[in-house]
Undergrad: 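Attaching a single structure in structure tokens format; questions to follow.
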Amino acid sequence: MRRTVCLLMILSVFILPVIAGAVVASDDRVDSIDFSGVWKGKCLLSSLEVHVYQEGDHLRGVAFVHSGGETNPYHFEGELKDGVIKASHAKGHVFTSTMLSRDMVEGKVKTGESGYILPLKAKRVSDIPVEE
């Protein structure tokens, strides 16, 4: 369960940037920002690394949850629409987010199984995602 919760939190990393257009410089519209890259954050006792790929309005990627000496990958897909990112994992977790700056995001993950809402903050560590 802890890994699932952490996964949800990390996935929201790529969702966050789209919502907060007001935080982005006026000449940088939210819909013109490419969210592709590697994002890192923490969830409870797990560290998170999310590789995001953006193709037009479509987002996809892999979230790696590192916990207890194990690494678990979670694939996700999402969409950027009207300045809002929504993404999900196959288990029904839904992610929404807001951009604090070009390289810092904050958002929420709602778990599909329990309906818990978990906060998440993450930072972009690279503009270029690692090859799939």
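Residue numbers count from 1 along this sequence.
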Undergrad: Closer than 3.5 angstrom, by distance alone: can the side chain of T111 be matched with the main-chain N or O of Y116 as a donor-acceptor pair?
TA: yes
Undergrad: Under 6.0 Å between ring centres: does that hold for H51 and F64?
TA: yes
Undergrad: Sequence neighbours left out, what passes side chain to side chain contact (heavy atoms under 4.5 Å, CB included) with H58? Give chain and number order.
TA: E55, R60, E77
Undergrad: In Å and rounded to the nearest 0.5 Å, what is the NE2 to NE2 distance from H89 to H75?
TA: 8.0 Å
Undergrad: Using side-chain heavy atoms (C-beta onward) and a distance below 4.5 Å, is L48 in contact with W39?
TA: no
Undergrad: Once rounded to the nearest 0.5 Å, what's the spacing between atom CZ of F35 and atom CG of D127?
TA: 12.0 Å
Undergrad: Looking only at heavy atoms, what is the nearest atom pair of F76 and V62, with distance?
TA: CE2-N, 3.4 Å
Undergrad: Any sub-3.5 Å donor-acceptor pair from E113's side-chain atoms to G115's backbone N or O?
TA: no
Undergrad: Ignoring hydrogens, what is the shortest heavy-atom contact between K123 and M104? Give both atom names and the distance.
TA: CB-CE, 4.0 Å
Undergrad: First locate atom NE2 of H66, then atom OG1 of T71, and finally report the distance between them rounded to the nearest 0.5 Å.
TA: 4.5 Å
